[in-house]
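Structure record follows, encoded as structure tokens.
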Amino acid sequence: MEAVKLEIRCPQMVNGIGLEPDPDWSFKSLLLELDSLEKKLNLSSSVSLPFAKTKSREIYGEKGTKRSSNAFVMRVSDEEFEDSEGENEKVRDRDLVKAARFNCNEFYFSSDDDSDDQPCLDVQTLMNEVGLVESALYELTHEHQLGVKEEIRNTISALETDLMNESEKSSSAHTKVEKYREARREVERKFDVQYQRRVAEGLDNHLTAVQRDHELKSQIEERKIRSDAAHEEAKRREKALQEERLRQEKAKAEAELQAKLKAEEANRAALEAERIAAKEAAEKEAAKSSKANTSEVPQTEASGGPNATSSRVENDKTNKSELAGNMLRAAESALKLERERLQKLKELEEINQSLRSSSNQNFDRTGRLIGRLIRQISGNKDKVSTQASELVKIFNNPHCPQTISIAYFAQKVVSNCESPSHSAFACAHVIVLVTSQFPQAMDLVLAEIHRACIYTVPKHISYTKSAFESKEAYWKVIGYKEDDGKIESTTDYLVRLESYMKLYGALVQTEVAGCQNVHGLKEGWAWLARFLNALPANMYTAVALYAFLQMAGFALFRKYRSQFMKMLNFISENFLNALRSQDDPDLRPITSKIQCYLEDKLFLQEPEGRTLHSSLLSNNMAPESDYHGPYHQQSRHFY
């Protein structure tokens with residue numbers, strides 16, 4: 001706001017008093033000058049004036065508050081007002097407006113004596129003019145404040161309107177976002193349902209296909225079993241007819257022989273009677289003359305008797321030794337190791353028997369616990385480590401003698417081979433982990449394996465009629481099981497032979513970081529060499545060799561390279577030719593398997609299950625035997 005200037009032109013001197021001593025009077029100076037003039041007028045007048053002032057002029061505000069006598073100041077606020085009741089305003093940043101001096105052109109003071117009262121009237125008139133100016137300024141200020149208030153109200157109203165609009169827009173946008181999010185959730189839920197439905201359909205189709213395959217395999221197996229049963233029944237009937245025919249022929253021959261023997265016996269009796277009669281006559285004639293000679297003949301015969309008996313005993317021993325050498329085919333070093341291991345196992349069993357008899361404690365619970373831990377072994381690295389640790393804790397348990405725990409371990413780990421869920425590589429890892437801390441347990445495990453399967457030695461026993469009373473006796477010797485007086489089939493025996501050989505092959509090639517395998521690849525190489533040097537080529541040895549190569553061939557090739565290739569060449573040129581030369585249809589499946597292993601160089605591929613999985617999704621399905629070919633249905637005519 002611009003400053004407002006009021007000019008009043010007055011005479012320079014009135015009664016000797018200068019009215020404008022200072023060209024730029026302030027309002028305060030003007031008031032002081034007016035007060036001074038009033039005092040002088042009072043002093044110069046002998047009569048008391050009715051409006052004469054006794055104290056200085058004071059200025060009061062609108063509401064009666066005393067105001068400063070300084071120059072007139074107007075303050076205008078630049079900030080917002082808050083007036084809830086419409087009365088109080090706050091003002092900031094005010095600009096000062098000073099009033100300029102007044103020139104009194106319209107008033108003058110007379111110097112005549114008759115006009116002594118005139119100055120007082122003029123001063124009163126001047127005061128009224130000042131009040132009008134102040135009132136005008138106050139009105140302007142009040143109007144300006146009202147205008148500012150109105151502008152502030154309008155601004156606030158506009159801001160409130162904008163705020164409400166923005167709030168509505170924000171609410172609308174938020175609602176749209178929520179609707180979009182809900183729509184996306186619904187779409188994703190539909191996608192999830194569709195995906196789950198597809199997964200379920202795919203799984204159902206897969207399971208259906210698997211079930212169909214299993215049913216097809218079952219039907220094929222059933223037809224094969226029925227066909228084999230019919231074939232076996234036909235062979236049995238034919239054999240029974242042959243046996244009946246042979247029995248009849250034998251009975252007839254025996255009858256003829258008996259008749260012949262009776263005739264010969266009668267002739268011999270007659271000749272013997274004649275000889276005795278002639279001898280008695282001759283003895284009577286020479287009795288007296290040859291008494292001394294007849295006494296020397298018995299002495300000579302007596303002296304020759306022991307020599308003849310000794311000679312016969314030696315011949316019998318020689319014949320038996322030759323017969324045993326022809327029956328048992330094995331390397332001497334292998335037989336020596338087998339005897340040592342079986343002797344250790346026998347001594348351990350005797351110790352355990354004495355411990356059981358001297359103790360009232362029942363250790364069967366420990367055996368069941370060890371058996372359960374071994375059955376839970378799977379192809380998972382963490383599971384193998386956990387099971388081995390648990391077994392070591394059992395071995396260190398003071399409540400059960402360590403020899404009994406080790407004996408249970410050796411028995412259970414070998415008998416577990418016959419389980420359908422048996423994992424040879426995982427079980428071999430557990431054996432290595434345990435025997436690295438208890439080395440004496442390895443010989444006991446090997447002794448149990450040798451006892452269960454003679455081909456892990458390796459050795460083979462041939463059948464001879466002079467050595468065995470029957471075929472059943474021979475089968476029992478080489479490892480066939482007997483259940484309720486009935487010998488198991490060759491098929492079952494070959495399946496068990498395969499499982500034992502796979503465990504042995506997995507054991508010799510197992511290497512565990514930080515642990516020593518006391519029966520490792522060196523022993524596996526020795527087994528293969530002894531096997532090829534000593535054992536004949538037949539069904540049993542072929543199955544044992546193929547199972548061993550499946551498990552240990554990969555590791556043997558990585559270590560021995562060219563030397564192992566020489567072994568394979570020997571197998572191809574000698575062992576396989578020996579199998580083919582027998583011209584046995586039952587040998588063809590296993591012969592072709594070994595030939596495929598050599599020709600396809602399967603020893604270059606790591607066998608399945610050799611590397612243990614580190615996740616919990618290990619394959620716990622029962623491994624299927626590789627030997628379900630026709631040679632499993634062979635009759636027990638192989639010697």
Side-chain angles (χ1 to χ4, degrees), residues 334 337-338 340-342 344-345 370 373-375 377-379 381 383-385 387-388 391-392 406-419 421-459 496-531 543-560 564 603 606-612 623:
L337 290 173
E338 181 194 19
E340 292 176 354
R341 290 164 182 162
L342 291 176
K344 290 180 181 179
L345 182 60
I370 292 175
L373 291 174
I374 292 174
R375 287 192 300 272
I377 295 173
S378 62
K381 187 182 297 183
K383 188 69 172 178
V384 166
S385 178
Q387 301 303 92
L391 290 170
V392 170
I406 292 176
Y408 274 130
F409 172 72
Q411 293 172 5
K412 300 298 183 181
V413 80
V414 174
S415 63
N416 189 52
C417 289
E418 302 177 15
S419 173
S421 60
H422 171 67
S423 176
F425 287 110
C427 193
H429 272 76
V430 172
I431 293 173
V432 172
L433 288 171
V434 172
T435 55
S436 64
Q437 300 188 42
F438 301 92
Q440 69 274 20
M442 180 61 80
D443 284 337
L444 302 176
V445 172
L446 292 172
E448 289 287 352
I449 295 176
H450 296 338
R451 182 185 287 178
C453 178
I454 62 174
Y455 297 98
T456 59
V457 175
K459 71 177 181 181
R496 290 195 303 107
L497 186 154
E498 173 195 359
S499 63
Y500 292 130
M501 287 306 307
K502 282 190 173 182
L503 175 62
Y504 183 78
L507 177 60
V508 298
Q509 64 86 49
T510 298
E511 296 177 355
V512 181
C515 298
Q516 180 184 3
N517 186 355
V518 295
H519 196 80
L521 278 176
K522 182 180 178 182
E523 302 299 329
W525 178 264
W527 181 93
L528 186 58
R530 292 165 182 160
F531 181 92
V543 172
L545 177 62
Y546 182 64
F548 180 81
L549 290 177
Q550 276 187 303
M551 308 304 283
F554 175 75
L556 288 172
F557 173 76
R558 288 205 310 175
K559 183 171 183 179
Y560 295 104
F564 182 69
F603 51 85
E606 183 177 6
E608 184 179 359
R610 182 176 183 270
T611 301
L612 301 181

message: Among R451, R341, E523, exactly one meets side-chain contact (heavy atoms from CB on, under 4.5 Å) together with L446. Which residue is that?
response: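 So the option named by the test is R341.
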
Rounded to the nearest 0.5 Å, what's the gap from [atom1] on [X] to [atom2] on [Y]? Could you check?
X	Y	atom1	atom2	value
Q550	M501	CD	CE	11.0 Å
L444	L342	CG	CG	10.5 Å
R375	S415	CZ	OG	8.5 Å
Q509	L556	CD	CG	8.5 Å
L497	I454	CG	CD1	8.5 Å
I431	N517	CD1	CG	9.5 Å

- prompt: Quick check: does any side chain N or O of T510 sit under 3.5 Å from a backbone N or O of A506, one acting as donor and the other as acceptor?
  reply: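 Yes, T510 side chain to A506 backbone: donor-acceptor pair under 3.5 Å.
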
field: Heavy-atom donor-acceptor pair, Q387 side chain to L373 backbone, under 3.5 Å
entry: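 Looks like yes, one N/O pair under 3.5 Å.
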
task: Give the intermediate values and the outcome of side-chain contact (heavy atoms from CB on, under 4.5 Å) for residues H450 and L345.
output: CA-CA 11 Å; H450 296 338; L345 182 60; over 6 Å; no

- prompt: Partners of Q516 by side-chain contact (heavy atoms from CB on, under 4.5 Å), sequence neighbours excluded?
  reply: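 Per chain and number, Q516 pairs via side-chain contact (heavy atoms from CB on, under 4.5 Å) with no residue.
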
message: Which label fits F603 and F564: parallel for a plane angle under 30°, tilted from 30 to 60°, or perpendicular past 60°?
response: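 Ring orientation of F603 relative to F564: perpendicular.
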
Would you say the side chain of [Y] lies within less than 4.5 Å of the side chain of [X], judging by non-hydrogen atoms?
X	Y	value
L528	L545	yes
L433	V512	yes
E418	Y500	yes

- prompt: Taking atom types as modelled, is there a side-chain donor on Y504 or H519 under 3.5 Å from an acceptor on the other?
  reply: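 The answer is yes; a qualifying pair exists.
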
query: Is a salt bridge present between E340 and K344, judged by a nitrogen-to-oxygen distance below 4.0 Å?
result: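 K344 and E340: not salt-bridged.
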
task: Output, in order, the C-alpha distance, side-chain angles, deciding distance and verdict of side-chain contact (heavy atoms from CB on, under 4.5 Å) for F438 and V392.
output: CA-CA 9 Å; F438 301 92; V392 170; 4.0 Å; yes

message: Looking at every non-hydrogen atom in both residues, tell me the closest pair between G505 and A552 and how far apart they are.
response: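 Scanning both residues, the minimum pair turns out to be O-CB, 3.6 Å.
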
query: Would F409 and V445 satisfy side-chain contact (heavy atoms from CB on, under 4.5 Å), going step by step from the backbone distance to the final call?
result: CA-CA 8 Å; F409 172 72; V445 172; 3.9 Å; yes

